[in-house]
Amino acid sequence: MSTLPRDDARAPTAALAHEARRSRALGALGADALLVFGAPHHSRNGDAEYRYRQSSDLWYLSGWEDPESAALLRPGSDHPFILFVQPKDRSREAWTGFREGLEGARARFGADAAFPYAELSARLPELLAGWTTLHYAWGEDGTRDSTVFRAVSGLGRVAARNGLATPHHLIDARRILGELRLKKDADEVALLRRAADITAEAHVAAMRLGRPGVAEYEVEAEIDGLFRRRGGNGPGYTTIVGGGTNACVLHYITNREPLRAGDLCLVDAGCEYANYTADVTRTWPVSGRFSGPQRRLYEIVLASQIAAIDAVRAGRPYKAMHDAAVRVLTEGMVDVGLLDGDVETLILEEGYRRYYMHGTGHWLGLDVHDAGAYHVGGSSRPLEPGMVVTVEPGLYIPPDDLRAPEAFRGIGIRIEDDILVTDGDPDVLTAACPKSVADVEAACTG
Ligand code: GLY
Ligand code: MN
Ligand code: MN
């Protein structure tokens, strides 16, 4: 299958990369079959629709972008890659645009066979006959589950009569797909780098725009607008702009208050580019200069983040970065009087959770919290080159926490970067985004 035409804005990733991923998936499946559905298409309200975004798993395997689709992989068969898609329909295309249809699925997306999505339930039993193990992600959609379970159990009854092999093992498809998606190939890393570059540029633009009186939503608009102007899909998750005490609300997305002089502003925003998202947080002073107490806490978070990034190395367990961040944060909190007691005990008994209550990162890729297991055989998974993680320690001092020194109350700080595991040093994909006190202040006043 050839690479998609360069001017095809609908499919910016080379089809060859999807073909290579599919062939890895077919190899990993061995003698098993795999069924993956596209994302459901939700309407927003009334007749208004969200822009469609393909499910990450189906996109990963096929590059197929349209709604109402599913992929069936049957390694070693005469049709190892089957796509179910919307057929061409001139009258529907007048409303919703061009469809690749069955022909496009075969000619441009490499399907060995293509059928209308509406025929999936009818065709599934015959296509699964002869396969003993099916990988399928149940529990996401009841209608799909019953289609798949009906096909499998119907086949079981036929098999009992005539000795046909049929699926009698169901395996959660998220296991195999998570393993595949965890280690990024060169095309994926290139797209993540592009997402990271656009994201860094947007955070700098936000620092420049932010000043007393500017609303949180104006900062959001600056960031999300830049993501689109650079050709991204938009934000990979809803942009967080939290001024002052709003920074202490971890998932604050209302973004409707004005920024106030003397406060910090926490921005957590990542551009999704060709379906790969960055995930970056920066915290900066609205008036351009950190106050003494803000700076003290900021430097603790920064030191913890740098220590955690240094733990993102091949062979180290995933949780090493969390342990590194927790140690520096806890020592810092004791130093400045936020916590009382012995550092080892505070770590052991998780006393640090009073002001640091979330994990230090997650896998990153097609999803902001990307697919893949964090534990293997009951232990934290060793990192391998090609994995991408976020590193995002923070401190959040509730405004009404009377146990905290008054000067620190209401301060929320997080610093988050995206890191590629390599054979050598950690590769900080988002290094272009300022984070030292001097660089952040320069960007805010620049
Ligand atoms: N932006 C989501 C997260 O940091 O996990
Ligand atoms: Mn994150
Ligand atoms: Mn984030």
Side-chain angles (χ1 to χ4, degrees), residues 18 21-40 42 53-64 68-77 80-84 117 120-121 123-125 127-156 159 165-185 188 275 277 318-319 359 362-384 386-389:
H18 295 287
R21 284 166 213 152
R22 205 158 53 239
S23 106
R24 278 200 299 280
L26 287 163
L29 282 166
D32 301 349
L34 168 104
L35 178 65
V36 174
F37 281 88
H42 297 296
R53 201 291 197 166
Q54 188 51 275
S55 81
S56 295
D57 285 334
L58 186 65
W59 169 264
Y60 181 84
L61 293 172
S62 68
W64 189 261
E68 297 197 317
S69 58
L72 180 60
L73 297 190
R74 307 183 314 156
S77 70
F81 173 40
I82 298 174
L83 273 177
F84 293 88
Y117 183 77
L120 183 118
S121 346
R123 290 192 179 268
L124 210 47
L127 292 170
L128 289 178
W131 300 86
T132 55
T133 303
L134 174 66
H135 295 245
Y136 165 67
W138 61 84
E140 291 176 356
D141 180 301
T143 311
R144 290 172 176 183
D145 285 356
S146 68
T147 300
V148 174
F149 296 155
R150 258 205 316 273
V152 170
S153 60
L155 262 173
T166 62
H168 52 267
H169 292 299
L170 266 186
I171 296 183
D172 189 338
R174 284 164 285 226
R175 281 179 58 181
I176 198 163
L177 291 166
E179 285 305 298
L180 290 163
R181 285 173 49 190
L182 196 45
K183 279 193 270 171
K184 275 64 181 174
D185 60 39
E188 294 182 288
N275 289 350
T277 192
Y318 169 82
K319 78 187 262 294
H362 47 84
W363 307 129
L364 184 72
L366 285 166
D367 296 327
V368 62
H369 291 183
D370 208 33
Y374 290 92
H375 292 89
V376 175
S379 303
S380 181
R381 173 176 210 138
L383 296 176
E384 296 173 54
M387 294 175 173
V388 178
V389 297

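Since the model is a prediction, treat every value here as computed from it, not as a measurement. Side-chain atoms are counted along with the backbone in the values below, which use heavy atoms only and exclude waters and symmetry mates.
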(message) Please report the interatomic distance CG(L72) to CG(L128), rounded to the nearest 0.5 Å.
(response) 6.0 Å
(message) Consider side chain to side chain contact (heavy atoms under 4.5 Å, CB included). Of T132, L155, T133, L35, which one does P167 pass it with?
(response) L155
(request) Flag the pair D57 and R174 as a salt bridge only when some basic side-chain nitrogen lies within less than 4.0 angstrom of an acidic carboxylate oxygen. (result) no
(message) How close do A137 and A173 get, counting heavy atoms only, and between which atoms?
(response) N-CB, 3.7 Å
(message) Whether the side chain of K319 engages the backbone of H375 through a donor-acceptor N/O pair (distance < 3.5 Å, no angle test) should be reported.
(response) no
(request) Measure from the side-chain N and O atoms of S121 to the backbone N and O of T147, and report whether any donor-acceptor pair falls under 3.5 Å. (result) no
(message) Just so I know, are the side chains of P40 and R144 near enough to count as touching, which here means a heavy-atom distance under 4.5 Å?
(response) yes
(request) Would you give the length of the straight line joining atom CG of L26 to atom CG of D32, rounded to the nearest 0.5 angstrom? (result) 11.5 Å
(request) Please name the pair of heavy atoms, one in H135 and one in I176, separated by the smallest distance, quoted to 0.1 Å. (result) ND1-CG2, 3.9 Å
(message) Less than 4.5 Å apart, side chain to side chain, heavy atoms only: is that true for F37 and L120?
(response) yes
(request) State whether the side chain of E188 and the backbone N or O of G365 hold a donor-acceptor pair below 3.5 Å, judged by distance alone. (result) no
(message) If you apply the rule side-chain contact (heavy atoms from CB on, under 4.5 Å), what do you find for W363 with V389, and how did you get there?
(response) CA-CA 5 Å; W363 307 129; V389 297; 3.5 Å; yes
(request) Spell out, as yes or no, whether a donor-acceptor pair under 3.5 Å connects the side chain of R53 to the backbone of N275. (result) yes
(message) Distance to the ring centre below 6.0 angstrom and angle to the axis at most 45 degrees; does that hold for R123 and F84?
(response) no
(message) Rounded to the nearest 0.5 Å, what separates atom CG in L366 from atom CG in L177?
(response) 11.0 Å
(message) Within this structure, what is the CZ-CH2 distance for the pair R74 and W131, rounded to the nearest 0.5 Å?
(response) 6.0 Å
(message) For L58 versus G38, what's the shortest heavy-atom pair and its separation?
(response) CD2-CA, 3.6 Å
(message) I'd like to check Y136 versus L34 (side-chain heavy atoms, cut-off strictly below 4.5 Å). Are they in contact?
(response) no
(message) For a quick test of reading the model, state the closest non-hydrogen atom pair linking R22 to L61 and the distance between them.
(response) NH1-O, 2.9 Å
(request) Taking all heavy atoms of Y60 and all of L180, pick out the closest pair and write down the distance. (result) OH-O, 3.1 Å
(request) Over 60° means perpendicular and under 30° means parallel, so classify the ring planes of H18 and W59, tilted if in between. (result) perpendicular
(request) First locate atom CG of D370, then atom CE of M387, and finally report the distance between them rounded to the nearest 0.5 Å. (result) 11.5 Å
(message) So which atom in D145 and which in W138 form the shortest heavy-atom distance, rounded to 0.1 Å?
(response) OD1-CA, 3.5 Å
(message) Within this structure, what is the CG-OH distance for the pair L83 and Y117, rounded to the nearest 0.5 Å?
(response) 12.5 Å
(message) Can you classify the ring geometry of H369 versus H362 as parallel (below 30°), tilted (30 to 60°) or perpendicular (above 60°)?
(response) tilted
